[in-house]
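Worksheet: one structure, shown below.
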Amino acid sequence: MAVLSTPLHYLTSVPPVTRYFTLATIALSSLYLWIWWSAETTYIPYLTLVPGSSLFHPWTFVSSALVEASFWELAISLIVIPASLRYFERLWGSLEILKFILVCVTGPNLIAFAFNWIEYAAIGNADLFLYGMQYHGQMALFTSFLVAFTQIIPEHQVQIFGLFRVRVKRLPMAYMTFSVIMTLLGLQCPYITIQFGWFVSWVYLRFYKRNVTDTVSGVVTYGDRSETFALTSWFPPFLHTPVSALGSAIYKIATRFRLVPSSFPQDIESGYSQVPGGARAEAERRRALALKALDQRLAHSSSNLPGQSGPSGQPSRPSPPVSTPLPVEQRGSVSEADVADSESSAGEE
């Protein structure tokens, strides 16, 4: 009885959205593979997203993400996606992770649908662009999770295939590069959805995701307006100027038409917003900023202390360190670190 209760206990411990999403992926992928095997056809427009017929099957904008067209794709998705879903559902909550899934699945599919129709209007090959491509799978959702991990733990290192280590913030653009290569080789479907997934997830996490900062006056904020999560952070330095100009112009237009919700003013001034995940993630981020500011202050103070004697042969008096004004972001972080140090020392006494 104990042996039988172990799998049941594990299933009940999995958060609900993760559990049902995984079961739906297994069910629809199995249905697709069974139809493919029995009917000997891969054209199944009522499960996958076919640009020429999806208007008659609108549910495919969502259901296509639950269909993996091969056993290898299904196996990879079951290894990667449920683990990511479980992590973020416990971090954000069931409602927020459900909204994240819907946005990062339907958004890239809508863009891919419109992109194929634009290609058809420009080139005119309906057999290829309208009925020859079936978008399916969870590549866009996987890219979205990489973007979310970059927001939460950008400096964390992961080991790939046991051979080399890479920081989390490098993974989304590496996956994007793979998508561009596959698209240029003629495999637009479904690899181009990786690029659309990156863009949609970044926009959502940057401006629209709801953050409930219950530890900071109970203020509700939206998005992450920090410089470390800006659009320019995804591109090499020589592209920062044009990307920043383009992004600023689009942002001004969006705010003029009130398409972007306002963020908390204190977060904008301090250079970061409340990181999803509550007090622990926010404390870790502030601690890192405080340590960086203290290191810069100590390095500047030690560089201003003279170590040699004056011209008269007597040691010169050390001049007080010049206090340079810190940026707004660092001033707030240092003050918080000082308060935390004072509280910890008081507790030890």
Side-chain angles (χ1 to χ4, degrees), residues 100 103-104 107-108 110-119 121-122 140 143-152 154-155 167-181 183-184 188 191-211 221-276 285 288-289 292-293 296 325-333:
F100 182 78
V103 169
C104 296
L110 287 171
I111 297 175
F113 172 82
F115 188 75
N116 274 54
W117 274 95
I118 293 173
E119 288 179 318
T143 312
S144 303
F145 281 128
L146 290 180
V147 174
F149 277 119
T150 302
Q151 182 194 29
I152 301 297
E155 300 298 332
R167 296 188 186 275
V168 171
K169 63 182 181 181
R170 308 296 183 193
L171 294 177
M173 299 314 291
Y175 200 36
M176 282 273 291
T177 304
F178 169 74
S179 169
V180 172
I181 294 174
T183 303
L184 293 177
Q188 173 180 321
Y191 292 100
I192 199 171
T193 57
I194 296 174
Q195 305 171 41
F196 300 150
W198 165 79
F199 178 73
V200 171
S201 60
W202 176 81
V203 171
Y204 178 73
L205 293 174
R206 178 71 170 176
F207 301 107
Y208 295 100
K209 185 186 175 300
R210 184 175 182 268
N211 306 317
T221 60
Y222 294 90
D224 182 358
R225 310 298 176 87
S226 64
E227 290 297 326
T228 57
F229 199 60
L231 182 62
T232 55
S233 64
W234 300 98
F235 296 92
F238 67 90
L239 292 177
H240 284 185
T241 300
V243 170
S244 178
L246 179 62
S248 299
I250 297 176
Y251 178 76
K252 290 179 180 178
I253 296 174
T255 52
R256 179 176 300 178
F257 291 96
R258 298 191 178 185
L259 300 177
V260 177
S262 60
S263 182
F264 194 44
Q266 284 85 345
D267 293 334
I268 298 176
E269 292 179 0
S270 60
Y272 59 89
S273 65
Q274 300 297 325
V275 178
R285 190 163 188 168
L289 292 172
K292 181 179 179 181
Q296 291 180 354
L326 293 172
V328 177
E329 175 181 335
Q330 296 180 356
R331 287 205 300 267
S333 303

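Quick note: numbers below take in every heavy atom, side chains included, and nothing from hydrogens, waters or symmetry partners.
- Here F229 contributes atom CZ and Q151 contributes atom CD; the two are 4.5 Å apart, rounded to the nearest 0.5 Å.
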Q: Show your reasoning for whether side-chain contact (heavy atoms from CB on, under 4.5 Å) applies to H240 and V243.
A: CA-CA 5 Å; H240 284 185; V243 170; 6.0 Å; no

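- Pairing each heavy atom of K209 with each of L205, the nearest pair is CD-CD2, 3.6 Å.
- Partners of I250 under the side-chain contact (heavy atoms from CB on, under 4.5 Å) rule, at least two apart in sequence or in another chain, are L246.
- Residues that satisfy the side chain to side chain donor-acceptor pair (under 3.5 Å) test with T143, not counting sequence neighbours, are absent from this structure.
- Nearest approach of L231 to F235, heavy atoms of both residues: O-CD1, 3.2 Å.
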List the atom pairs, donor and acceptor, that lie under 3.5 Å between side-chain atoms in residues 254-261 and the rest of the protein, sequence neighbours left out.
{"from": "T255", "atom 1": "OG1", "to": "Y251", "atom 2": "O", "distance (Å)": "2.9"}
{"from": "T255", "atom 1": "OG1", "to": "K252", "atom 2": "O", "distance (Å)": "2.9"}

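- Minimum interatomic distance between N211 and G223 (heavy atoms only, all atoms of both residues): ND2-O, 2.9 Å.
- Looking at residues two or more places apart in sequence or on another chain, you find a side-chain contact (heavy atoms from CB on, under 4.5 Å) between T193 and A112, Y135, M139, A140, P190.
- No side-chain N or O of Q188 forms a donor-acceptor pair with one of T183 less than 3.5 Å apart.
- For F178, the ring-ring contact (aromatic ring centres under 6.0 Å, His included) test picks out Y191, with sequence neighbours left out.
- Taking the side-chain contact (heavy atoms from CB on, under 4.5 Å) definition, one finds that A230 meets it with R206, E227, T232, sequence neighbours left out.
- Separation of atoms OH (Y222) and CZ (F207) is listed at 15.5 Å; rounding is to 0.5 Å.
- Remark: L171 engages L146, V158, I160, V166 in a side-chain contact (heavy atoms from CB on, under 4.5 Å) (not counting sequence neighbours).
- Partner of P172 under the side chain to side chain contact (heavy atoms under 4.5 Å, CB included) criterion, chosen from F149, W234, W202, F145: W234.
- In this structure, S244 contributes its side chain and T241 its backbone to no donor-acceptor pair below 3.5 Å.
- No side-chain heavy atom of V168 sits less than 4.5 Å from a side-chain heavy atom of P154.
- Put simply, CD1 on I111 and CZ on F199 are 6.5 Å apart, with the number rounded to the nearest 0.5 Å.
- Qualifying salt bridge (Lys or Arg N to Asp or Glu O under 4.0 Å) partners for R167, counting only residues two or more places apart in sequence or in other chains: E155.
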